[in-house]
Trainee: 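Quick one: the structure is below, questions incoming.
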Amino acid sequence: IRKAKFVPKKIIIAGFSNMYIADVPTPIALPFAYFPLTTGRTAGLIFPTFGNDPQRGYFIQNGGYYFPFNDYVDLSLTGDYYTNGSFGFRGQSVYTKRYKFRGNINFSFENLIQSQRGFDDFSRSSNYNIRIQHSQDPKASPNSRFSASVNLGSSQFFSNSLNQVNRNDVQTNTFASSISYSKTFPAYPSVNSSITLSHTQNSRTEQIVMSLPTFQASMERIFPFAKRDGIKKGIVQNVNFQYDVNAQNTITTDEENFSFDDARIGARHRIPVANSRPSQHAELK
């Protein structure tokens with residue numbers, strides 16, 4: 001820029017301007033320019049990268065648009081396109097609310113065409129990947145907690161993907177997910193409970209192991225024949241018991257033959273009964 005007027009945090013008004021790359025001038029020029037200076041996040045285009053692939057032709061990658069909806073949520077949408085017809089798109093959203101929660105959601109899909117239609121080596125494949133991270137601030141709710149860490153998709157997503165943003169994950173062999181919710185009921189007798197959904201997937205063997213869900217609950221020890229605040233006297237008043245339960249629904253399958261038919265369902269209940277005075281103990285299952 002030869003001459004410009006600069007107003008901090010407001011505008012830049014410039015005269016004749018042209019682009020330099022590594023201190024080398026280019027023929028790209030503007031007779032004048034107006035640049036608004038804004039604070040915070042601003043919606044706008046995401047400039048793509050360009051290149052050439054021997055199998056899929058010329059391409060543009062990671063071009064799109066950014067949407068800052070408000071102070072809590074934003075969204076970026078980007079896509080790829082190859083001259084042989086292959087394409088991909090991605091969506092990423094980051095959200096946060098102070099003292100409540102924070103997280104992000106990423107979704108990717110690619111439709112990949114190998115070679116050209118009509119050739120012997122022509123093929124078409126599609127891959128997807130979903131990633132979700134969510135955490136709750138401990139101050140949000142003292143008696144309940146929700147968290148999620150999800151990573152699932154096609155086993156060959158990272159190894160087949162041509163997008164440069166996925167190159168760091170090419171060696172990923174395992175996808176793992178866990179979604180959990182726990183809640184404490186503080187009223188006497190207090191109960192701690194939790195429910196968890198988990199998933200592991202091996203990208204080499206394509207085996208999938210899912211727990212949908214695992215439920216656990218436990219109740220504090222109670223003395224049914226004694227007052228809560230009184231002194232426990234004798235054998236009868238010292239009789240006490242607890243209760244806990246563990247239930248699971250487990251599925252082992254693979255991507256090609258995914259089915260819920262072979263699910264294994266089971267539950268275990270335990271009621272330990274004890275008498276603290278004579279040191280006697282019994283357990284019911």
Trainee: Determine whether Tyr243 and Arg221 make a side-chain contact, defined as any pair of heavy atoms from C-beta on separated by less than 4.5 Å.
Mentor: no

Trainee: Would you check if Lys5 and Ile12 make a side-chain contact, meaning some heavy-atom pair closer than 4.5 Å?
Mentor: no

Trainee: Any donor-acceptor pair under 3.5 Å linking the side chain of Asn249 with the backbone of Ile265?
Mentor: no

Trainee: When you compare the side chain of Thr196 with that of Ser211, does any pair of heavy atoms fall below 4.5 Å?
Mentor: no

Trainee: Restricting to non-hydrogen atoms, name the atom on Val273 and the atom on Val239 that form the minimum distance, rounded to 0.1 Å.
Mentor: CG1-CG1, 4.5 Å

Trainee: Side chains of Arg56 and Asn84: do they bring a donor and an acceptor to under 3.5 Å?
Mentor: no

Trainee: If we ignore angles and hydrogens, is there a donor and acceptor under 3.5 Å between the side chains of Arg145 and Gln136?
Mentor: no

Trainee: Walk me through it: do Ile208 and Thr253 pass the test side chain to side chain contact (heavy atoms under 4.5 Å, CB included)?
Mentor: CA-CA 5 Å; Ile208 300 173; Thr253 182; 4.2 Å; yes

Trainee: To the nearest 0.5 angstrom, please state how far the CD1 atom of Ile60 sits from the OG1 atom of Thr78.
Mentor: 11.0 Å

Trainee: Is there side-chain contact between Ser218 and Asn192, with at least one heavy-atom pair below 4.5 Å?
Mentor: yes

Trainee: Using distance alone, with no hydrogens and no angle criterion, decide if Asn129 and Arg90 have a side-chain donor and acceptor under 3.5 Å apart.
Mentor: no

Trainee: Just wondering, more than 12 heavy atoms not from Arg264 lying within 6.0 Å of its CZ?
Mentor: no

Trainee: If you measure only the distance, is there a donor-acceptor pair under 3.5 Å linking the side chains of Ser147 and Ser180?
Mentor: yes

Trainee: Return the OG1 to CZ distance between Thr96 and Arg98, rounded to the nearest 0.5 Å.
Mentor: 8.5 Å

Trainee: Do Gln237 and Phe223 come within less than 4.5 Å of each other through their side chains, counting heavy atoms only?
Mentor: no

Trainee: About how many Å separate CZ of Phe215 and OG of Ser193, when rounded to the nearest 0.5 Å?
Mentor: 5.5 Å

Trainee: Please report the closest heavy-atom contact between Tyr128 and Leu152, naming both atoms and the distance.
Mentor: CE1-CD1, 4.1 Å

Trainee: Would you indicate whether the side-chain heavy atoms of Ile222 and Tyr188 approach each other to under 4.5 Å?
Mentor: yes

Trainee: Does the ring of Tyr181 carry Lys183 above it, NZ/CZ under 6.0 angstrom from centre and within 45° of its axis?
Mentor: no

Trainee: Enter the distance from Leu197:CG to Ile195:CD1 here, rounded to the nearest 0.5 Å.
Mentor: 6.0 Å

Trainee: Tell me, with the steps shown, if Ser76 and Ile46 meet side chain to side chain contact (heavy atoms under 4.5 Å, CB included).
Mentor: CA-CA 8 Å; Ser76 60; Ile46 300 174; 4.0 Å; yes

Trainee: CD/Glu110 to OG/Ser154 distance, rounded to the nearest 0.5 angstrom?
Mentor: 9.5 Å

Trainee: Compare every heavy atom of Ala148 with every heavy atom of Ile179, then report the nearest pair and how far apart it is.
Mentor: CG1-CB, 4.0 Å

Trainee: Okay, side chain of Glu220, backbone of Ser190: is any donor-acceptor separation there less than 3.5 Å?
Mentor: yes

Trainee: Pair Arg102, Tyr72 - check side chain to side chain contact (heavy atoms under 4.5 Å, CB included), show working.
Mentor: CA-CA 9 Å; Arg102 64 174 60 246; Tyr72 308 108; over 6 Å; no

Trainee: Quick one: does Leu37's side chain get under 4.5 Å of Ile11's, heavy atoms only?
Mentor: no

Trainee: Under a 3.5 Å threshold, yes or no: a donor from one side chain and an acceptor from the other, between Asp74 and Tyr66?
Mentor: yes

Trainee: Linking I/L/V/M/F/W/Y whenever any side-chain heavy atoms sit under 4.5 Å apart, do Val94 and Phe146 land together?
Mentor: no

Trainee: Kindly indicate, with the supporting measurements, whether the criterion side chain to side chain contact (heavy atoms under 4.5 Å, CB included) is fulfilled by Val236 and Asn238.
Mentor: CA-CA 5 Å; Val236 175; Asn238 279 278; over 6 Å; no

Trainee: Within this structure, what is the CG-CD distance for the pair Asn104 and Gln133, rounded to the nearest 0.5 Å?
Mentor: 6.0 Å

Trainee: More than 12 heavy atoms of other residues, nucleotides or ligands under 6.0 Å from CZ of Phe50: is that the case?
Mentor: yes

Trainee: Closest heavy-atom contact between Asn151 and Phe175?
Mentor: O-CB, 3.2 Å

Trainee: Report yes or no: do Asn246 and Asp244 form a side-chain donor-acceptor pair below 3.5 Å?
Mentor: no

Trainee: If hydrophobic clusters are built from ILVMFWY residues whose side chains come within less than 4.5 Å, do Leu77 and Ile132 share one?
Mentor: yes

Trainee: Please report the closest heavy-atom contact between Ser155 and Asn202, naming both atoms and the distance.
Mentor: OG-O, 3.9 Å

Trainee: Considering only heavy atoms from C-beta outward, does the side chain of Asp137 approach that of Lys100 to under 4.5 Å?
Mentor: no

Trainee: More than 12 heavy atoms of other residues, nucleotides or ligands under 6.0 Å from OH of Tyr58: yes or no?
Mentor: no

Trainee: Is Ile105 reachable from Val150 through a run of hydrophobic residues whose side-chain heavy atoms are each under 4.5 Å from the next?
Mentor: yes

Trainee: Is it true that Tyr81 and Phe47 fall in one hydrophobic cluster, defined by side-chain heavy atoms closer than 4.5 Å?
Mentor: yes

Trainee: Mind checking whether Phe87 and Phe109 have parallel, tilted or perpendicular rings, split at 30° and 60°?
Mentor: tilted

Trainee: Can you get from Leu45 to Tyr34 by hopping between Ile, Leu, Val, Met, Phe, Trp and Tyr side chains that sit under 4.5 Å apart?
Mentor: no

Trainee: Taking all non-hydrogen atoms of both residues, which atom of Ile1 and which atom of Phe35 are closest, and how far apart?
Mentor: CD1-CE1, 4.4 Å

Trainee: Would you please indicate if the ring centroids of Phe67 and Tyr65 are separated by under 6.0 Å?
Mentor: yes

